[in-house]
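Working notes, beginning with the structure itself.
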Amino acid sequence: MCGIIAYAGHAPAAPELFEGLRKLEYRGYDSAGITTLDRGRLYTAKRAGTVEGLRVDLNNLCGTVGIGHTRWATHGAATAANAHPHVYGRFSVVHNGIIENYSELRSELISAGHAFSSETDSEVIAHLLDVYYDGDPVDALRLTCARLKGCWAIAALCTEFDGYIVTRRGSPVILGRGKGNYAASDIYALSGRAEKYSIPEEGDFALVTPDKITIFDEHLNEVVRPFDILKSNFSEVGTDDCPHYMLKEIRENARTMRATCRAFSSLDLSAVRTRLKCADKIVLIGCGTAYNSALAGVRLLGGAYDCPVSAHIASEARYNPPRVTGRSVCIAVSQSGETADTIMAARIAREAGAYLIAMTNVGYSAITRIADFVLPVCAGAEICVAATKSYIGQLACFHLLSAGTSPSVRDCALENISKKVEEIALDDTYAPGIAKLCVQSRAVFFLGRGYDVDVATEASLKLKEVSYIFSDGYPAGELKHGTLALVDESVLSIVIICDGALAEKSKNAVEQILSRGGKVAVVTTLPPIYAALSGRVQAVWLLPEVPSHLSHFLSSTALQLVAYHAALFAGHNPDKPRNLAKSVTVE
Ligand code: G6P
């Protein structure tokens, strides 16, 4: 959700910023821009479209200091004028977040004679900086932030200072030291460049020159924040020999399961298990795919612990929070660990007394800093906007948390399943055929019962995210209570039948659809279902037979591949779905 990058060093800034923006592009890709500073002069290039569009401008952007931005539009269309940086007077600004009171500030500034050149909420920041500047850029930033409501990460250049200034409140920013001094929305943009990184506290300010990073607290007292060694080398993050990140990341599902198992075996989970065993309730919160994994979590934890377990959509839970006590456990699920609604709902639960566990793929993210315990999802960098391997990693986490057996037994079960997941991810026999049926259909319903209904919900989200085909994930038993009215020859129903105890019931749903002329594809781990339905439905994908409670690893992987191929058949780039962004740091 918008990516910001800043550089001050001794090398040309523009190529540094451009490479950083390319790594941040998954956060937003509707427009991009760079400002550099050279001997008191600002050089700016902004374009609608992807970061690549800026390549032609790089030679015109002079200087060894600069800021860059890749945008996911919230206020104002994706035009060059609305792209960041926003330049006013002596300042150029990039912003990630939302300024909630921007229209009041804008009216005030317009009355004072300011002319605006964009429709964004962010432009007011550049104007306020210029108003409050009195020789000290950090003080101007402090005074500016005092006028803002909302959330922000800001980096700004001032023509009278050979460096840049940074601050954050509610949106992420990381400082990096290496071949120059950097600030960026996430660590991927720093990989290969920074050797050490530091996460400023909320409300901190940083004054960054080519040779020094000075950090101040919110009262402008100079403070020392720790810089840690940047161990992870994300610089090799690429698509390998896959045409898209989405396919590469689906193929990393198995590796994610194994890495998550390994990470769990080195964790001391005794405090967490005691909390879970004594809990009066367990509440799971998340958004999008993370919420869908929480639905599976309800089933898995509900079977393992003796208290009610419920899943909540974070954007609802923060305004209508589930009741918790000092004995409750809240598990906040978030791939990025930066989703604003999830963080807010988690914070509310913790303030109400709940023990907060963060289940996240990003170890240094905002959610980890408010949690009592962090459960790692070891998916590695997930670049495709649609979550795939992180979902599988979250499922693995819920299994590991709910397993009552000894670590070796449960690790062995997941290890065995991961081999089958690996085979499915490499198989392109069935997915393209089912994907073709999807793109030929007016709508696609995903249906299942028990474990399979959670898979259906996530599979539907995946398909709509990347192929833009209307779809819904639905309990198969509810079909006859409404959805059946929509079924005809132009609608495809993908029925997932892997939960052995409910297989015959799900098969009934297939019969109901067939007898109304609907199209059906079946994904099953059960040979008798395969035998009964082969030849009677449009497609049947027989997956290896595994216990029902582990089948979602297989069926989800299969349906992620279906979504991927559907995006390709529909002519869309699966890695960058229209209108979406990976890390939703605004509310
Ligand atoms: C966005 C992404 C989804 C993701 C959701 C939650 O909407 O497009 O793919 O599932 O955010 O993200 P999180 O990082 O909290 O898991």
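For this chain, numbers begin at 1 and follow the sequence in order. Just so you know, ligand 1 is whichever comes first in the structure, and atom 1 is the first atom listed for that ligand.
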### Message
Ring centres under 6.0 Å, that's the criterion: do His399 and His552 meet it?
### Response
yes

### Query
Relative to the heavy atoms of Ser334, which atoms of ligand 1 are at a distance of less than 4.0 Å?
13 (P), 14 (O), 15 (O), 16 (O)

#### Entry: Results of side-chain hydrogen bond (donor to acceptor under 3.5 Å, both in side chains) for Arg275 - residues two or more places apart only
none

### Query
So, Thr120 and Ser118: side-chain donor and acceptor under 3.5 Å apart, yes or no?
yes

### Summary
Near Thr289 (heavy-atom distance under 4.0 Å), the atoms of ligand 1 are 10 (O)

#### Entry: Any N/O pair Gln394/ligand 1 closer than 3.5 Å
no

### Task
Could you list the residues that satisfy side-chain hydrogen bond (donor to acceptor under 3.5 Å, both in side chains) with Glu202, not counting sequence neighbours?
Arg168

### Task
Within a distance under 4.0 Å of any heavy atom of Gln335, pick out the atoms of ligand 1 and give their elements.
13 (P), 14 (O), 15 (O), 16 (O)

### Query
Have Glu382 and Ser390 got a donor and an acceptor in their side chains that come within less than 3.5 Å?
yes

### Message
Using heavy atoms and a 4.0 Å limit, tell me yes or no: is Glu338 in contact with ligand 1?
### Response
no

### Task
Would you mind finding which of Val377, Val385, Thr360, Thr388 brings a heavy atom closest to atom 9 (O) of ligand 1?
Val385

